[in-house]
Amino acid sequence: MHRPATPNAALGVLLNVLASVLFAVMYAYTHLLERLGGEEIYGWRILLTVPCLTLMVLASGHWHEVRRLFQRVFAERWFWAVRLLSAALLGVQLWLFMWAPINGYGLDVSLGYFLMPLTMVIVGRLAFNDSISRLQLVACALAALGIINQIAIAKAITWPVLAVGLGYPLYFWLRRVSDSNNMGGLWFDMSLSLPVSLLWVLKGGVVLGVAGSGSDLPWLVAGLGLISASALALQALSGPRLNLTLFGLLVYVEPVLLVLAAILLGETIAPAQWPTYIAIWLAVLVLVVEGGLSLNNSRRGYSLNRCSREGG
């Protein structure tokens with residue numbers, strides 16, 4: 001059942017926006033760790049975040065979801081392969097988030113994040129026969145124009161844009177069809193990434209090599225873990241306080257902040273790319289308008305129901 005907006009939503013919005021701010025801060029923070037390389041940064045992020053996520057899952061009472069996934073790994077023939085693929089898809093996204101800002105692809109990844117909700121609408125329609133509203137069709141058409149410009153006029157659509165814009169919807173599709181689209185599924189996917197992250201930490205060896213030498217690197221890495229865990233915690237705390245429509249609208253805060261972070265770090269939008277960004281930002285605006293209308297209707301329905309109950 002659709003949960004109407006409540007006074008608690010104000011706190012939920014604040015927590016969610018703060019989480020997006022911290023994700024953007026982490027995006028820019030990677031520049032302080034450039035000497036590590038994207039792989040080692042990713043490795044430390046996973047190693048420091050998984051223990052915090054474990055505490056969150058236990059504290060929020062979702063550990064039964066983890067136990068159920070463990071049971072399915074042994075009971076269902078190919079479920080282990082599905083879990084490995086899901087972990088790999090998420091791992092690529094988390095690595096790219098750490099790698100892109102220090103390799104000049106910050107704007108490309110932010111563009112991918114703008115595209116992601118739009119491609120998820122298409123995946124929902126094709127894979128699950130979800131209904132698409134007229135405004136969503138308009139948004140998809142605008143996004144398509146932006147992509148056409150990027151390919152035909154700007155003559156470039158980089159692989160990070162496609163990796164985020166197509167990879168994340170594929171990841172969420174897999175979690176949905178495998179019945180693991182919950183907090184336990186996230187814990188499982190991130191935990192399966194621990195061996196790879198540990199390998200990259202040991203292979204890079206920069207932080208371990210300077211440990212105890214007075215270098216600021218260990219402290220900077222600890223800061224990365226603190227920011228990552230705090231952002232994850234704030235996002236998790238915001239969820240129960242927001243209805244689905246409001247939560248969906250807040251998805252767009254993060255890519256806006258990522259664009260600002262990338263520009264502050266020295267990247268620029270080429271003149272030929274502006275039509276692409278404008279088209280996709282207009283598409284996002286259309287979805288925001290639709291979400292706002294839906295939220296307004298939800299509040300109106302909530303008020304009517306409350307009045308009818310009080311009148312009765």
Side-chain angles (χ1 to χ4, degrees), residues 18-56 84 87-113 158-164 167-168 171 186-187 189-235 254-255 257-268:
L18 286 175
S20 294
V21 170
L22 285 179
F23 280 124
V25 168
M26 183 167 58
Y27 202 56
Y29 190 89
T30 54
H31 270 261
L32 299 176
L33 302 168
E34 279 184 293
R35 62 196 114 164
L36 303 187
E39 289 76 17
E40 190 172 355
I41 297 173
Y42 160 81
W44 279 110
R45 179 188 177 186
I46 297 299
L47 287 179
L48 294 171
T49 301
V50 169
C52 298
L53 180 61
T54 302
L55 292 176
M56 286 173 54
L84 287 175
L89 289 171
L90 178 61
V92 168
Q93 298 301 329
L94 297 180
W95 163 77
L96 187 57
F97 193 86
M98 298 285 93
W99 176 88
I102 61 176
N103 287 277
Y105 288 97
L107 283 173
D108 300 80
V109 167
S110 66
L111 181 58
Y113 274 98
T158 62
W159 65 266
V161 175
L162 296 176
V164 175
Y168 252 131
Y171 168 68
L186 175 63
W187 180 92
D189 290 343
M190 291 196 68
S191 297
L192 285 175
S193 299
L194 282 172
V196 175
S197 62
L198 181 60
L199 175 64
W200 277 348
V201 164
L202 294 175
K203 184 179 178 181
V206 177
V207 177
L208 296 177
V210 299
S213 65
S215 171
D216 62 344
L217 262 181
W219 292 106
L220 290 173
V221 167
L224 174 70
L226 179 62
I227 295 170
S228 178
S230 299
L232 195 63
L234 289 172
Q235 193 172 64
E254 186 177 336
L257 295 176
L258 294 184
V259 169
L260 293 176
I263 292 174
L264 288 174
L265 292 172
E267 294 190 46
T268 57

Could you give the distance from [atom1] ([X]) to [atom2] ([Y]), rounded to the nearest 0.5 Å?
X: L264; Y: H31; atom1: CG; atom2: NE2; answer: 10.5 Å
X: L22; Y: L234; atom1: CG; atom2: CG; answer: 6.0 Å
X: L186; Y: S191; atom1: CG; atom2: OG; answer: 8.5 Å
X: L107; Y: L260; atom1: CG; atom2: CG; answer: 10.0 Å
X: M26; Y: F23; atom1: CE; atom2: CZ; answer: 5.5 Å
X: R45; Y: L94; atom1: CZ; atom2: CG; answer: 5.0 Å

Looking at every non-hydrogen atom in both residues, tell me the closest pair between [X] and [Y] and how far apart they are.
X: G106; Y: A262; value: C-CB, 3.9 Å
X: L48; Y: A222; value: CD1-CA, 4.4 Å
X: P160; Y: D108; value: CB-CB, 4.1 Å
X: R35; Y: L32; value: NH2-O, 3.9 Å
X: G112; Y: V164; value: C-CG1, 3.5 Å
X: C52; Y: A229; value: SG-CB, 3.5 Å

If only atom types and distance count, is the side chain of [X] paired as donor or acceptor with the main-chain N or O of [Y] below 3.5 Å?
X: T30; Y: Y27; value: yes
X: E34; Y: N103; value: no
X: S228; Y: L224; value: no
X: E40; Y: V206; value: yes

Close side-chain approach of [X] and [Y], heavy atoms under 4.5 Å:
X: F97; Y: L258; result: yes
X: D189; Y: L89; result: no
X: Y168; Y: L90; result: yes
X: L33; Y: V207; result: no

Practice task
Identify which one of V196, L47, L36 satisfies the side chain to side chain contact (heavy atoms under 4.5 Å, CB included) criterion when paired with V201.
Solution key: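 Result for side chain to side chain contact (heavy atoms under 4.5 Å, CB included) with V201: L47.
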Practice task
Take W95 and S193, measure what side chain to side chain contact (heavy atoms under 4.5 Å, CB included) needs, and give me the verdict at the end.
Solution key: CA-CA 11 Å; W95 163 77; S193 299; over 6 Å; no
Problem - Parallel, tilted or perpendicular: rings of Y105 and W159 (30°, 60°) - result: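 Ring orientation of W159 relative to Y105: tilted.
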Exercise for the section: Go through the steps to decide whether L111 and V259 satisfy the test side chain to side chain contact (heavy atoms under 4.5 Å, CB included), and finish with yes or no. Expected result: CA-CA 8 Å; L111 181 58; V259 169; over 6 Å; no
